[in-house]
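Have a look at the structure below before the remarks.
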There are 2 protein chains.
Amino acid sequence: MIISTKTEYAVRALVEIGKQAEEKPISISDICRKADLPQKYIEQIFRKLKQHRIVESIHGSKGGYMLAKPEKKISLNDIMNAVEENYNAEYCDGNPEHHSHCIGLPCGFHDLWNEIRDHMVDYLKEIKLDYIISRF
Amino acid sequence: MIISTKTEYAVRALVEIGKQAEEKPISISDICRKADLPQKYIEQIFRKLKQHRIVESIHGSKGGYMLAKPEKKISLNDIMNAVEENYNAEYCDGNPEHHSHCIGLPCGFHDLWNEIRDHMVDYLKEIKLDYIISRF
DNA sequence: GCCAATTCCTACTAAATTTCTATGTTATCC
DNA sequence: GGATAACATAGAAATTTAGTAGGAATTGGC
């Protein structure tokens, strides 16, 4: 499956924030209760989302998370890039010492894999959070 | 990474068959020697490729594998479909008893994930083995 | 008929990754 | 000061992926 649990959880949690009409922060525990998600896991995920400026947080009691920018400026690509490990990794540097089958530069396979990844990234950039929310 | 080792191995092995000018079978051991691949693993992969009519085999001594159809009729999608587990799996059937967050049918998330998967499948259908081979 | 080379089959092991929990610390509101 | 929340790190548990072991069945060539 193309979409991992981690990405799905991130999206479901962000949708929960998006559904919140008011401009006040919502806590992880609220999100998880409403969307039936594992709280500690979501905490980790949200720290990554914050590092990538997708959400911002308010510390302490009455604190929580808010979207850091408008829903239409947050794409599925942004979310996956924040949340998935080495989402951006080049498949290979073409160095035969790392991959014995690379006969040299450029390596045809890895150019192809990167081409496929780039296609996917471009597509996912067009799927915005507002579109996702609108489907509910 | 979108492309797994298993798919990469399958492609590299199929390219090796494609490079073979003559219309005679090539053995797994030859393929693995030339492309530096783990033989037993490739054997498994080729059995799946055979089940999906991507290659055909000749038993016994002097036996081996050949492409079952022209290179331009074998797509990356065909290969991944043969080789990757539940490549075709619907993300979810929308049944809340299986996924507690599905509030009903249709389930917006899973329709979206399937939409993304379908986009990817359509793209991968257009990447044919002859194109891949031509890149070397 | 026998041997070598090969496909074919199943079960298992090992490694890596992903998912999730435990146990805190720090910050803020009341 | 207590409650509630974000923030942090380590690691357990589960799942998936990659690879190995050992052999059975099939065929060509001698």
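Convention: sequence-line order gives letters A, B, ...; per-chain numbering from 1.
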Residues which pass side-chain hydrogen bond (donor to acceptor under 3.5 Å, both in side chains) with A/Arg135, listed by chain and number, not counting sequence neighbours:
A/Tyr131, B/Glu115
Rounded interatomic separation in angstrom, taking [atom1] from [X] and [atom2] from [N]:
{"X": "A/Arg12", "N": "C/dT19", "atom1": "CZ", "atom2": "P", "value": "13 Å"}
{"X": "B/Phe46", "N": "D/dG19", "atom1": "CZ", "atom2": "P", "value": "15 Å"}
{"X": "B/Met80", "N": "D/dT17", "atom1": "CE", "atom2": "C1'", "value": "14 Å"}

Do B/Lys40 and D/dG23 have a side chain to base donor-acceptor pair shorter than 3.5 Å?
yes
Could you check whether the side chain of A/Arg47 and the base of D/dA6 have a donor-acceptor pair of N or O atoms closer than 3.5 Å, going by distance alone?
no
For residues 64-76 of chain B, which residue pairs qualify under side-chain hydrogen bond (donor to acceptor under 3.5 Å, both in side chains), counting only residues two or more places apart or in two chains?
B/Ser75-B/Asp78
Tabulate atom names and distances for all N/O pairs under 3.5 angstrom spanning the protein and nucleotides 2-5 of chain D.
residue : atom : partner : partner atom : Å
D/dT4   : O2   : A/Ser61 : N            : 3.2

Residue pair [X] / [Y]: nearest heavy atoms and the distance that separates them:
{"X": "B/Ile2", "Y": "A/Arg117", "result": "CD1-CA, 3.8 Å"}
{"X": "A/Arg12", "Y": "A/Ala35", "result": "NH2-O, 2.8 Å"}
{"X": "B/Lys128", "Y": "B/Lys125", "result": "CE-O, 3.0 Å"}

So, A/Ser4 and A/Glu84: side-chain donor and acceptor under 3.5 Å apart, yes or no?
yes
Less than 3.5 Å apart, any donor N or O on the side chain of A/Asn77 or A/Tyr87 sitting next to an acceptor on the other?
yes
Can you list, pair by pair, the side-chain donor-acceptor contacts under 3.5 Å of residues 45-54 of chain B, counting residues two or more places apart and other chains?
residue : atom : partner : partner atom : Å
B/Lys48 : NZ   : B/Glu85 : OE2          : 2.6
B/Lys50 : NZ   : B/Ser57 : OG           : 3.0
B/His52 : ND1  : B/Lys48 : O            : 3.1

Quick one: which protein N/O atoms are closer than 3.5 Å to N/O atoms of nucleotides 11-14 of chain D? Pair and distance per line, please.
none

Looking at D/dA6, C/dT21, C/dT7, which one has an atom nearest to any side-chain atom of B/Glu43?
C/dT7
Does [X] make a side-chain N or O approach to OP1 or OP2 of [N] shorter than 4.0 Å?
{"X": "B/Tyr9", "N": "D/dG19", "answer": "yes"}
{"X": "A/Lys50", "N": "D/dC7", "answer": "yes"}
{"X": "B/Thr5", "N": "D/dA18", "answer": "yes"}

Using a cutoff of under 3.5 Å, can you pull out all pairs of nitrogen or oxygen atoms linking the protein to nucleotides 14-17 of chain C, with atom names and distances?
none

